[in-house]
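Computation of the quantities below employed the complete heavy-atom set of this structure, encompassing side-chain atoms and omitting hydrogens, waters and symmetry-equivalent molecules. What you are looking at is a predicted structure, and each value in this text was computed from that prediction instead of being measured. Atoms within a ligand are numbered from 1 in the order they appear, just like the ligands themselves.
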Amino acid sequence: MGAGRSLRWCGLVGLLLFAPLAEAAQAVPARPNILVILADDLGYADLGFQGCKDIPTPNLDGLARRGVRCTSGYVSHPFCSPTRAGLITGRYQQRFGHENNPQWNPDDTISGLPLAQATLPTVLKSAGYTTGCVGKWHLGAHPQFHPNRRGFDEYFGMLGGGHVYLPEANGSAEYQIPMDRNGVSEPLKGYLTTVLGQEGAAFVTRHQGHPWFLYLAFNAPHAPLQVTDKQLDRVKTIEDETRRRYAGLVVGMDDAVGEVLAALRASGQDESTLVFFMSDNGGPTSVTHSDNSPLRGAKGQTYEGGVRVPYVVSWPGHIPEGKDFDSPVFSLDVFATAAAIAGVRDSEKPALDGVNILPWLSGEAVPPPDRLLFWRASGGDQFAVREGKWKLVGTKADGVQLFDLETDLGEAKDLAAAQPQVFERLKAAYDAWNKDNIAPIFKSPPGAKPKAAKKAAKK
Ligand code: CA
């Protein structure tokens, strides 16, 4: 037998041996579970992996060590509900008028995520995923906006914009509503953040063996600053009482995240689960004494302190572990990334404003240097554009300014006059983007505007 014939023969045997395996792999692709964990009003600097020294967050630090820390991770809005609308639709929420917080009113059919918008859980459900939401909803109080009607097979949590943490505590009507489990009310039985962690852990355990999507939205560390003595004891060295109580909320959330991650490990799913973690907006520094340093501004503002947030993506064995990724990534990228790894066909996806970032995180591709990110709040009273190292920020109080984030992360030196061409290019890009937006379709209820929005504080 000649060498050539022998090789051909080996190749044929190889084909025969491996063809069935390859076909099987194609027919049943291994699709990971998708876990999106959202914190509420967490300061940029208030986790160990972000440099925090006074609040212990070992579980979130562990998640960051087993994934990629995105140092320029952004959300699409500087406060609660619009960010969630963008996250769950994968689209700029200004395109469909969701630019404010919905009032708490179960009779209001307008204040909520517009029903015409496709949602991530709906798309994943069609692709065969089991979908669950645990925690803060804040996308409308009318029954038509209920998570079970917007694509989630299972829901447990509070439908409003916030909640008391202790069952016996007093709060506004919205903050005292009962827990909702698939449309049925039940009392809160325990410390809220702990309960949400337990519910999240139960979900991932219950659905092991079948691809699932869980959107776990804590209301911690959003006010009210209600904590247990045990939590306070772990941050007792913090002298400032407001920050100490806020830190207790962060510790409680870290514990709850730890419970969910432990459930993933215990059920052997940690390498088959893609995890996103981020905050829905920056810390409201004047209210909770959260810390956004070294960024300027706070919740409610389009300065970095309002929209740049702690942002981690973890998928052990599939993307790098313990690495930093510095190019901008967006909350709107969650939808596109999740849809891509779930194998959703383009024809089954809505038009998305984000992209699949996994090739960037794994190093297979590099992000385009001219990627543009946009923000608009209060119908345009505030806006921002990021392109590469440049950031254009417009506010009523301070006018339109241009910053170089590479040399001036704290947005202190306005370069509008020094860089007129960049200024005009970014302003024109904003105007072009904004042409496709509509006016807000509902207003935030009185008193629900973020307090930090009132002043444009320099850090
Ligand atoms: Ca928030």
The criterion is ring-ring contact (aromatic ring centres under 6.0 Å, His included); which residues satisfy it with [X], sequence neighbours excluded?
X	result
Trp315	His318
Phe403	none
Tyr191	Tyr165

Minimum heavy-atom distance between Leu332 and Gly86, given as atom pair plus value
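Closest approach of Leu332 to Gly86, heavy atoms only: CD2-O, 3.3 Å.
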- What's the verdict on side-chain contact (heavy atoms from CB on, under 4.5 Å) for Asp40 and Phe218, showing C-alpha distance, side-chain angles and the deciding distance? CA-CA 6 Å; Asp40 194 352; Phe218 292 102; 5.8 Å; no
- Please report how many protein N/O/S atoms lie under 3.0 Å from the Ca ion (ligand 1).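 Count of protein N, O, S atoms less than 3.0 Å from the Ca ion (ligand 1): 6.
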- Item | Salt-bridge contact Asp255-Arg234 (side-chain N to carboxylate O under 4.0 Å) |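 Yes, this pair counts.
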